[in-house]
Amino acid sequence: MIKRNNILKIAIDSPAAAGAGTLAKAIAKHYKLFYLDTGKIYRFIAYLKLKSPNKFKNKIIKSKIKSLKPKDLSNKKLLSDEVGTEASTISKNLNIRKMVYLFQVNLAYNPPKKYNGSCLDGRDITYKIVPDADFKFYITANLRTRALRRFKELKVLKKKITYSEVLKSIKKRDKSDFNRKISPLKKTKDSLLINTTNLNKRACFLKIKKIIDRKLNI
Ligand code: C5P
């Protein structure tokens, strides 16, 4: 695997709908880093499974991941609650995690040349995908706040779903993501905790920026 030297690597883990994606995107843009929302890769695989359950075979998934382009991950269909729930199920499968591993590591350590580094968010980024990241954050918010944020996002996308359904789904996803045996979501000792419950997007961004700038001496 090719590893670029002297790049900035930021690793973020978070439970569903904690606002990590929005923050990671803003941080990546500010420091000119390649941004990868790793949840989208699991959503992409989950979408393939929901679309053609009969074609859900290791060989086919492997070739789909091999030819996967970052732009494939921007398909709006990946955002539904149904796909998120299925992603949480298939992500417990060790074979699938192994297939996704290299795709993530390659982009984290060898981002396209025009970027100064990479910023990845997910569930196991701080301890499995980019364990030597320059900055590690664990971004969270309380359950109801997360459910409300996700509910509003889904409403904008005109999805037919109620707040209590979203709440139930996020609770189920948390249970699975925190308790699974393979790559569970956890806050590592060397990750900085950012609780976004009472902070707006700008305040969260500035909090993280201050931490990064101080260490980089900017
Ligand atoms: O972040 P997002 O909610 O899109 O992720 C969907 C699901 O994919 C998560 O609930 C989790 O089970 C799985 N996932 C994972 N490892 C990652 C990112 C996401 O297992 N690095």
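First listed ligand is number 1; within each ligand, the first listed atom is number 1.
- Judged by the 6.0 Å and 45° rule, K215 forms a cation-pi pair with F135.
- Regarding atom 4 (O) of ligand 1, its nearest protein heavy-atom neighbour is R43 NE, 2.6 Å.
- Interface of S91 with ligand 1, defined as ligand atoms under 4.0 Å from a residue heavy atom, comprises 11 (C), 12 (O), 13 (C), 20 (O).
- Contacts between K128 and ligand 1, counted as non-hydrogen atom pairs separated by less than 4.0 Å, are absent for every part of the residue.
- The proximity of R173 to ligand 1, defined as any non-hydrogen pair under 4.0 Å, is limited to the side chain.
- Checked by distance only, ligand 1 and R180 come closer than 3.5 Å through their nitrogen or oxygen atoms.
- Using a 4.5 Å heavy-atom threshold, the side chains of R150 and L154 count as touching.
- Within the structure, the side chain to side chain donor-acceptor pair (under 3.5 Å) test picks out the following pairs touching residues 3-25 (sequence neighbours left out): D13-T126.
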inquiry  = Show, in sequence, the C-alpha distance, side-chain angles and deciding distance for K98 and L94, and conclude whether the side chain to side chain contact (heavy atoms under 4.5 Å, CB included) test is met.
reply    = CA-CA 6 Å; K98 278 186 185 163; L94 184 59; 4.1 Å; yes
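- The single protein non-hydrogen atom nearest to atom 19 (C) of ligand 1 is G39 CA, 3.5 Å, given as residue, atom name and distance.
- Near A87, with a cut-off below 4.0 Å to any heavy atom, the atoms of ligand 1 are 6 (C), 7 (C), 8 (O).
- Looking only at distances, a side-chain donor or acceptor of S80 sits under 3.5 Å from a matching main-chain atom of V83.
- From the protein, the heavy atom lying nearest to atom 12 (O) of ligand 1 is D177 OD1, 2.6 Å.
- For K186 and Y127, the positive end sits near the middle of the six-membered ring, less than 6.0 Å away and at most 45° from its axis.
- Among all protein heavy atoms, the one lying closest to atom 16 (N) of ligand 1 is R97 NH2, 3.0 Å.
- Side-chain atoms of T85 come within 3.5 Å of backbone atoms of D81 as a donor-acceptor pair (strictly under, hydrogens ignored).
- Nearest protein heavy-atom contact of atom 21 (N) of ligand 1 is T38 OG1, 3.0 Å.
- Of the protein's non-hydrogen atoms, Y42 CB, 3.6 Å is the one closest to atom 8 (O) of ligand 1.
- Protein heavy atom at the shortest distance from atom 1 (O) of ligand 1 is R123 NH1, 3.1 Å.
- A 4.5 Å side-chain heavy-atom check between V130 and K136 finds every atom pair outside the cut-off.
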